[in-house]
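Below is one structure; the comments refer to it alone.
As the structure is a prediction and not an experimental result, all values here were calculated from the model. Numbered from 1 within each chain, the chains take letters A, B, ... in sequence-line order. These values consider heavy atoms only, across backbone and side chains, with no hydrogens, waters or symmetry-generated copies.
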Amino acid sequence: MSKLSDPTAKFRDPELGRFLIQRVNKMAGELAAKKGRKILLMEVCGTHTFAISRTGLRDMLSDYLDLRSGPGCPVCVTHQRDIDQMIALAALPGVTVATFGDMIRVPGSNGSLEQAQADGAKVEVFYSPADAVEKAIRHPERQYVFLGVGFETTAPVIALAIQEAAGKDVRNFSVFPAHKKVLPILRALLTDPDLAIDGFLLPGHVSTILGRQAYDFMAAEHGIPAAIAGFEPVDILTAIMAVLELLATGRPAVVNSYQRAVREEGNPVAQTLLARTFRDADAYWRGFDLVPKSGLALQAKWQAWDATCRFAPAVPAPRSITACRCGDVLKGKIIPRECALFKQACHPANPVGPCMVSSEGACAAYYRYHR
Amino acid sequence: MCLAVPGKVIALDAKQQWAELESFGFSRKVGTQLIDHVEIGDYLIVHAGFAIEKLDLEEAQERLRLWEELLAAERGARTESGSPNE
Ligand code: SF4
């Protein structure tokens, strides 16, 4: 029985949801009237993008609220040059590229991992990097390269896999580190003069690692309110209400609306592991290009498990897909419908950009849920 | 990538390197290296095969109770003023 096994089922209660939607609409209506425009809130988590679209909240609240997706889909923010590198790795003899499923259909400058696979490259999908280490142990004749894509939630899991490989001296497993950090990209958004975001919904699971206090700079330095949100409708509505309340009082703060999972100081075990495994590195993001210290590279002591040290396939400069506006979608500058290719040349069966590939991508969410 | 459904711990190994979780009638094994002090009966949030945090169920119940009270008050107000139910 799902009711018994999920103590948080009540966070999906329809009556409670309707009640909160009314309250949010009332609050947002008052604020919007005062400002003479809709209130713009950005979510920076792919799971939120999906949940807000799928539950219909984006449409139900659209009279006064512009719920805009930001750079929260890990596959989508991965830069073309990294994707090209991944595809080049897969083409190396004896190498199997191991990855989370979302990545394989993302188009690079020339084809995707999936197409490379059709051409004979070895690409394998894993649910957990730990499974890839196991596989490498069983197949010592092949090199397994795990694609380290994701934010601070995924990076500790990758770090564990590296430790496991190091502990067992597995020399045919390595990681291609393409992790991204959420705080530097929030800073980039907050200092972009072209963006006028009234408030943020912060990623629930990244925040279990980072803790609420990590985001205080948003209110303290930039005067922007934000709330950490869970993933059920009641969670999302509660967080939206919290941001609207802060906007109404004019006193920005960062509040935790997902207290059942997120602590003030985050997860210290995961934080220690991150600090022991990675170092901050400048990273390229789709839509943002180079963002200083926004990525995670492996520390020198893990060099033996660093695919960028072990293999260095030369790839030509990336070719951008000129008409795809994924970068602008990820910055919140446009919504997917404003891309000329949306639903025309670009759809889930034939995605032109990563925002249409991943279920967490804004284009895919708009395609499926906003007709 | 981030499935939000929590799982309940139904078994643990001696060194606490993994836990068996139950959710929606399915069980799965997850790594517990990223969290401290797991016990049978805890609810865990899982990411890519590893538990990343324990759920604070008391907090969850408390928050729901507050909303339920407000909702009940609203229902009461609707009935009293005789406004038609939606
Ligand atoms: S609709 Fe397709 S082409 Fe347009 S921005 Fe989205 S992914 Fe790119």
Side-chain angles (χ1 to χ4, degrees), chain A residues 1-2 4-8 10-11 13 15-16 18-20 22-23 45-47 51 73-75 100 102 126-131 149-151 153-154 156-158 160 163-164 203-206 208-209 230-232 234-235 238 257 259-263 266-270 273 358-360, chain B residues 1-10 16-18 21-38 41-75 77-78 85-86:
Chain A
M1 282 285 293
S2 61
L4 287 178
S5 63
D6 184 2
T8 55
K10 194 79 189 147
F11 286 89
D13 182 75
E15 193 191 4
L16 191 50
R18 276 194 296 275
F19 169 66
L20 292 174
Q22 276 177 14
R23 285 179 76 119
C45 165
T47 312
C73 155
V75 163
F100 296 120
D102 267 5
F126 289 90
Y127 166 65
S128 169
D131 300 337
V149 171
F151 298 103
T153 344
T154 315
V157 169
I158 299 282
L160 281 176
Q163 293 215 331
E164 173 84 2
H205 287 160
V206 166
T208 63
I209 308 294
F231 301 97
E232 305 293 357
V234 169
D235 290 319
T238 309
S257 298
Q259 282 185 336
R260 70 178 181 277
V262 174
R263 286 181 276 166
N267 178 335
V269 181
L273 188 61
S358 172
S359 64
E360 301 187 355
Chain B
M1 248 182 182
C2 317
L3 286 182
V5 179
K8 183 181 184 176
V9 179
I10 53 172
Q16 302 230 330
Q17 292 292 292
W18 55 262
L21 302 190
E22 186 269 341
S23 45
F24 297 117
F26 292 96
S27 73
R28 57 190 162 148
K29 242 185 183 184
V30 303
T32 53
Q33 290 93 327
L34 295 175
I35 48 172
D36 285 327
H37 317 299
V38 192
D42 281 346
Y43 280 87
L44 305 181
I45 301 176
V46 179
H47 181 79
F50 291 86
I52 53 167
E53 192 51 279
K54 273 186 281 192
L55 275 196
D56 181 345
L57 286 183
E58 266 169 45
E59 208 289 329
Q61 298 314 328
E62 179 61 18
R63 185 172 286 262
L64 284 169
R65 198 181 55 77
L66 290 174
W67 288 130
E68 291 286 334
E69 273 176 24
L70 282 170
L71 181 60
E74 159 113 350
R75 272 198 213 111
R78 263 206 311 255
N85 283 333
E86 294 153 76

Worked verdict on L64(B) versus L16(A) for side-chain contact (heavy atoms from CB on, under 4.5 Å): CA-CA 9 Å; L64(B) 284 169; L16(A) 191 50; 4.1 Å; yes

Approximate separation, where rounding is to 0.5 Å, of K10(A) NZ and R63(B) CZ: 15.5 Å

Check: I52(B) main-chain N/O paired with N267(A) side-chain donor or acceptor under 3.5 Å: yes

Part of I209(A) within contact of chain B (heavy atom distance under 4.5 Å): side chain

Between D13(A), V234(A), D131(A), T238(A), the one whose heavy-atom pairs under 4.5 Å with chain B are most numerous: T238(A)

For E59(B) against R260(A), the heavy-atom pair lying closest together: OE1-N, 3.6 Å

F19(A) versus W67(B), closest heavy-atom pair with distance: CE2-O, 4.3 Å

Choice from Q61(B), E68(B), K54(B) maximising heavy atom contacts with chain A below 4.5 Å: E68(B)

Neighbour count >12 (heavy atoms, 6.0 Å) for atom CD, E58(B): no

For the student: nearest non-hydrogen atoms of I45(B) and A261(A), plus distance: CD1-CB, 3.3 Å

L71(B), part contacting chain A, at a heavy-atom distance under 4.5 Å: both

Flag side-chain contact, heavy atom, 4.5 Å: E74(B) against R23(A): no

Considering all heavy atoms, the nearest A48(B)-V157(A) contact: O-CG1, 3.8 Å

CG-CD distance between L160(A) and Q33(B), expressed to the nearest 0.5 angstrom: 5.5 Å

Nearest atoms (heavy-atom pairs only) where F50(B) meets A130(A): CZ-CB, 3.8 Å

